[in-house]
*Asks:* 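There's a structure below that I have some questions on.
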Amino acid sequence: MKTSVPSEWILTDEDTCRYSRQLSEDSFELIAFVTYSQVRNFTVYADTVCLTDYPQDETLFILQFYGYSSINEVTAEHGSDSNMIIAECIFEHYADFAVEPIADVLTEAEARAIIQDYITDTKGAPLCPDSSKASG
């Protein structure tokens with residue numbers, strides 16, 4: 001499925017207020033918060049995950065943290081949503097150490113409000129250009 005405009009934001013994890021939207025067949029934009037119990041603050045991260053940027057061995061390594069032994073297993077379990085699931089695993093794996101945070105706040109309510117503002121403000125504007133257009 002090739003999409004010319006970003007799909008709608010979908011709430012994919014209520015606990016972390018993670019929203020995802022598809023930008024192209026293999027590119028997804030995600031936003032969520034992470035909380036650190038030691039300091040009791042909430043950090044909001046947003047990033048674009050382009051699946052073609054990750055070699056298969058790296059993707060498999062990350063998927064093992066989420067209980068999957070292969071990409072085929074993800075596809076069998078999630079069907080047409082498998083690329084989004086893989087993108088979410090990659091995002092979650094890298095978010096708190098390889099992605100620049102967009103906000104550090106003290107309360108969960110503040111983090112949720114920032115995410116709601118973000119997904120409202122970015123309805124049609126992805127974080128980065130569609131990688132499939134750049135290569136083809």
*Asks:* Taking salt bridge (charged side-chain N to carboxylate O under 4.0 Å, His left out) as the definition, give me every residue that meets it alongside Glu108, ordered by chain and number, with sequence neighbours left out.
*Replies:* Arg112
*Asks:* Show, in sequence, the C-alpha distance, side-chain angles and deciding distance for Leu51 and Ile90, and conclude whether the side-chain contact (heavy atoms from CB on, under 4.5 Å) test is met.
*Replies:* CA-CA 9 Å; Leu51 297 179; Ile90 292 169; 3.9 Å; yes
*Asks:* In chain order, what residues pass the side-chain hydrogen bond (donor to acceptor under 3.5 Å, both in side chains) check against Thr59, with sequence neighbours excluded?
*Replies:*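 If we apply the side-chain hydrogen bond (donor to acceptor under 3.5 Å, both in side chains) test to Thr59, skipping adjacent residues, there are no hits.
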*Asks:* Look up atom CD in Glu29 and atom SG in Cys50, then write down how far apart they are to the nearest 0.5 Å.
*Replies:* 10.5 Å
*Asks:* What I'd like to find out is whether the side chain of Met84 reaches to under 4.5 Å of the side chain of Ile10, using heavy atoms alone.
*Replies:*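 SC-SC contact between Met84 and Ile10 confirmed.
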*Asks:* Taking all atoms of both residues into account, what is the closest heavy-atom pair of Ile115 and Thr16, and its distance?
*Replies:*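 So the minimum-distance heavy-atom pair works out to CD1-O, 4.2 Å.
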*Asks:* Do the side-chain N and O atoms of Glu8 and Tyr19 include a donor-acceptor pair separated by under 3.5 angstrom?
*Replies:*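 No - no donor-acceptor pair under 3.5 Å links their side chains.
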*Asks:* Which pair of non-hydrogen atoms, one from Glu73 and one from Gly67, has the smallest distance, and what is that distance?
*Replies:* OE2-O, 3.7 Å
*Asks:* If you look at every heavy atom in Leu11 and Arg18, which pair is closest and at what distance?
*Replies:* CD1-O, 3.4 Å
*Asks:* So, for Tyr94 and Ile62, which heavy atoms are closest and what is the spacing to 0.1 Å?
*Replies:* CE1-CD1, 3.5 Å
*Asks:* List in chain and number order the residues that pass side-chain hydrogen bond (donor to acceptor under 3.5 Å, both in side chains) with Glu110, two or more places apart in sequence or in another chain; answer none if no residue qualifies.
*Replies:*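 Thr107.
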*Asks:* Among side-chain atoms of Arg21 and Ser7, is any donor-acceptor pair under 3.5 angstrom?
*Replies:*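 No, because no side-chain N or O of Arg21 sits under 3.5 Å from a partner of the opposite role on Ser7.
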*Asks:* So, for Tyr68 and Cys89, which heavy atoms are closest and what is the spacing to 0.1 Å?
*Replies:* CE1-SG, 4.4 Å
*Asks:* If we only count heavy atoms from C-beta on, is the Phe42 to Val34 side-chain gap below 4.5 Å?
*Replies:* no
*Asks:* Which pairs with one or both residues in residues 43-64 pass ring pair (Phe, Tyr, Trp, His ring centres under 6.0 Å), sequence neighbours excluded?
*Replies:*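 Residue pairs with at least one partner in residues 43-64: Phe61-Phe65.
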*Asks:* Mind checking side-chain hydrogen bond (donor to acceptor under 3.5 Å, both in side chains) for Glu77 and listing every partner two or more places apart, or none if nothing turns up?
*Replies:* none
*Asks:* Looking only at heavy atoms, what is the nearest atom pair of Thr48 and Ser27, with distance?
*Replies:*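 It is CG2-OG, 3.6 Å.
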*Asks:* Do Glu88 and Ser20 have side-chain atoms, one donor and one acceptor, less than 3.5 Å apart?
*Replies:* yes
*Asks:* Is there a side-chain contact (heavy atoms from CB on, under 4.5 Å) between Tyr118 and Val44? Walk through the geometry before answering.
*Replies:* CA-CA 10 Å; Tyr118 183 93; Val44 179; over 6 Å; no
*Asks:* Give, for atom CG of Asn41 and atom CG of Leu106, the distance between the pair rounded to the nearest 0.5 Å.
*Replies:* 7.0 Å
*Asks:* Listed by chain and number, what are the side-chain hydrogen bond (donor to acceptor under 3.5 Å, both in side chains) partners of Asp104, not counting sequence neighbours?
*Replies:*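 In terms of side-chain hydrogen bond (donor to acceptor under 3.5 Å, both in side chains), with neighbours along the sequence ignored, Asp104 is linked to Thr43.
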*Asks:* For Ile102 and Ile31: C-alpha separation, side-chain torsions, deciding distance, then whether side-chain contact (heavy atoms from CB on, under 4.5 Å) applies.
*Replies:* CA-CA 10 Å; Ile102 63 170; Ile31 186 168; 3.7 Å; yes
*Asks:* Are Gln56 and Ile71 close enough, and set up right, to give a side-chain contact (heavy atoms from CB on, under 4.5 Å), and what steps lead you there?
*Replies:* CA-CA 9 Å; Gln56 185 173 354; Ile71 292 172; 4.1 Å; yes
